[in-house]
Amino acid sequence: MPRMKRMQRSFVMAFACSVLSGLSLVARGDPYALSWERETPYLTTAAGLHALAWLGSRQKSGANSDSAEPRDRSDVPVYERRFAGGWNTAAQYQSNVLEVLGLAAPLFLMSAPAVQSGTILALYAETLLITSGGVTVSKNWIDRSRPYTYGDRAPRSDQKSLDSTRSLLSGHTAHVAAAMSFSASVLGELYPDAAWAQWTWPGAVLVTAYEGHLRVRAGKHFPSDALVGAVWGGWIGYSVPMGHLPRHSAVTLEPALLSDALGVNLKVLL
């Protein structure tokens with residue numbers, strides 16, 4: 001638990017610094033627009049989620065069971081009962097590797113024109129801050145036992161750990177989903193006419209789905225945990241960059257010369 005808190009603090013500090021530094025790197029011609037007025041809601045949301053997660057970790061610290069005996073599978077919903085008791089260390093390792101690779105993938109976007117790299121870094125920092133905040137809020141405030149607690153294949157140390165009650169939602173899946181949807185969104189804006197652009201979103205969905213599959217096979221999460229994680233991460237990864245696209249006037253009026261009269265054209269820009 002202390003290690004988890006230290007990692008969370010380091011993560012927040014590192015990416016907060018990236019956000020602040022990125023605000024000073026906005027330049028003309030960028031497809032995205034950063035401003036303190038625009039960033040305040042995102043940074044406030046991230047800070048609020050992490051504060052709520054910290055409060056949840058305090059109230060949950062004494063809620064763990066003293067027994068390492070397998071739980072009753074009848075407590076699991078019927079549609080997910082077949083996944084109770086799973087444990088696969090190979091799948092756990094593979095999911096960890098895929099999460100690291102997935103989180104690193106958007107960094108290749110830094111090879112875009114230098115004028116955009118600072119902005120993209122700031123957007124990605126905000127994406128991960130909000131995503132991780134939502135993940136820890138869910139894990140710390142919702143008690144849901146992991147699948148491996150319903151069997152005897154996992155080590156006793158894992159069975160008795162506080163982490164065994166943090167099944168909802170899948171953080172690995174959420175992080176990969178956020179990184180993949182962020183990459184697909186940004187690539188679509190930077191290279192809209194590229195021949196490979198049509199494959200970015202299918203690729204993002206496939207990688208996220210495979211990460212969720214690995215977490216379920218590993219015995220760390222039920223399918224619903226992975227699904228909720230994918231939806232949460234995917235939505236944040238898409239909405240943060242989309243929310244930073246330049247906004248235009250919603251309605252414009254232009255004079256129009258018709259064949260026998262002077263008129264007005266009304267244009268609505270969405």
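Remember, it's a predicted structure, so these values are computed and weren't measured experimentally. Note: hydrogens, waters and symmetry copies are ignored here, and every other heavy atom, side chains too, is used.
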With no hydrogens and no angle check, is any side-chain donor or acceptor of [X] less than 3.5 Å from a backbone partner on [Y]?
X    : Y    : result
Q159 : G151 : yes
W141 : L52  : yes
R73  : Y150 : yes
R146 : D163 : yes
H175 : G171 : yes
S138 : G134 : no
S164 : K160 : no
N96  : Q92  : yes
S181 : G234 : yes
Y124 : L103 : yes

Next on the checklist: Just verifying a value: how many Å separate T136 OG1 and H50 NE2, rounded to the nearest 0.5 Å?
Outcome noted: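 Those atoms lie 5.5 Å apart.
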Item to check | Approximate separation, where rounding is to 0.5 Å, of D143 CG and S145 OG | outcome: 7.5 Å
Checklist entry - Can D225 and S167 be said to form a side chain to side chain donor-acceptor pair (under 3.5 Å), step by step? => result CA-CA 7 Å; D225 303 327; S167 189; 2.5 Å; yes
More than 12 heavy atoms of other residues, nucleotides or ligands under 6.0 Å from [atom1] of [X]: is that the case?
X    : atom1 : result
W235 : CH2   : no
Q198 : CD    : yes
Y238 : OH    : no

Please report the shortest heavy-atom distance between [X] and [Y], naming the atom on each side.
X    : Y    : result
A230 : A177 : O-CB, 3.5 Å
L109 : S183 : CD1-CA, 4.2 Å
L49  : W232 : CD1-CZ2, 4.4 Å
Y32  : V186 : OH-CA, 3.2 Å
V216 : A226 : CG2-CB, 4.3 Å
A53  : N140 : O-ND2, 2.8 Å

Item to check | Donor-acceptor pair between R215 and S95 side chains, under 3.5 angstrom | outcome: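 On atom types as modelled, these side chains qualify, holding a pair under 3.5 Å.
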Is the closest side-chain heavy-atom distance between [X] and [Y] below 4.5 Å?
X    : Y    : value
W54  : R58  : yes
L128 : I236 : no
L169 : K139 : no
W201 : S185 : yes

Item to check | Pair listing, side chain to side chain donor-acceptor pair (under 3.5 Å) test, anchored in residues 75-85, at least two apart | outcome: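 Residue pairs passing side chain to side chain donor-acceptor pair (under 3.5 Å), neighbours aside: E80-R144, E80-S224.
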Checklist entry - Which residues satisfy the ring-ring contact (aromatic ring centres under 6.0 Å, His included) test with Y148, sequence neighbours excluded? => result W87
Checklist entry - Who pairs with H244 by ring-ring contact (aromatic ring centres under 6.0 Å, His included), at least two apart in sequence or on another chain? => result Y42
Checklist entry - Can you list the steps and then say if E211 with H172 is a side chain to side chain donor-acceptor pair (under 3.5 Å)? => result CA-CA 7 Å; E211 177 68 16; H172 282 62; 5.0 Å; no
Tell me whether [X] shares a hydrophobic cluster with [Y], the cluster being built from Ile, Leu, Val, Met, Phe, Trp, Tyr side chains joined at under 4.5 Å.
X    : Y    : value
F182 : L101 : no
L55  : V137 : yes
M242 : L187 : yes

Checklist entry - Hydrophobic cluster mates of L227, side-chain heavy atoms under 4.5 angstrom, ILVMFWY only, any path? => result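 Hydrophobic cluster check, L227: joined to V231.
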Checklist entry - Quick one: hydrophobic cluster around V176, which other residues, with the 4.5 Å side-chain cut-off, linked directly or via members? => result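 Result for V176 is L98, M180, V207, Y210, L214.
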Checklist entry - Which is it for V76 and F222 under the side-chain contact (heavy atoms from CB on, under 4.5 Å) test, yes or no, and what are the steps along the way? => result CA-CA 10 Å; V76 181; F222 291 102; 3.8 Å; yes
Next on the checklist: Using the rule given for side-chain contact (heavy atoms from CB on, under 4.5 Å), can you reason through I142 versus T165, listing the C-alpha separation, both sets of side-chain angles and the distance that settles it, and then say yes or no?
Outcome noted: CA-CA 8 Å; I142 299 176; T165 65; over 6 Å; no
Checklist entry - Quick one: side chain to side chain contact (heavy atoms under 4.5 Å, CB included) partners of V205, sequence neighbours excluded? => result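 V205: no side chain to side chain contact (heavy atoms under 4.5 Å, CB included) contacts found.
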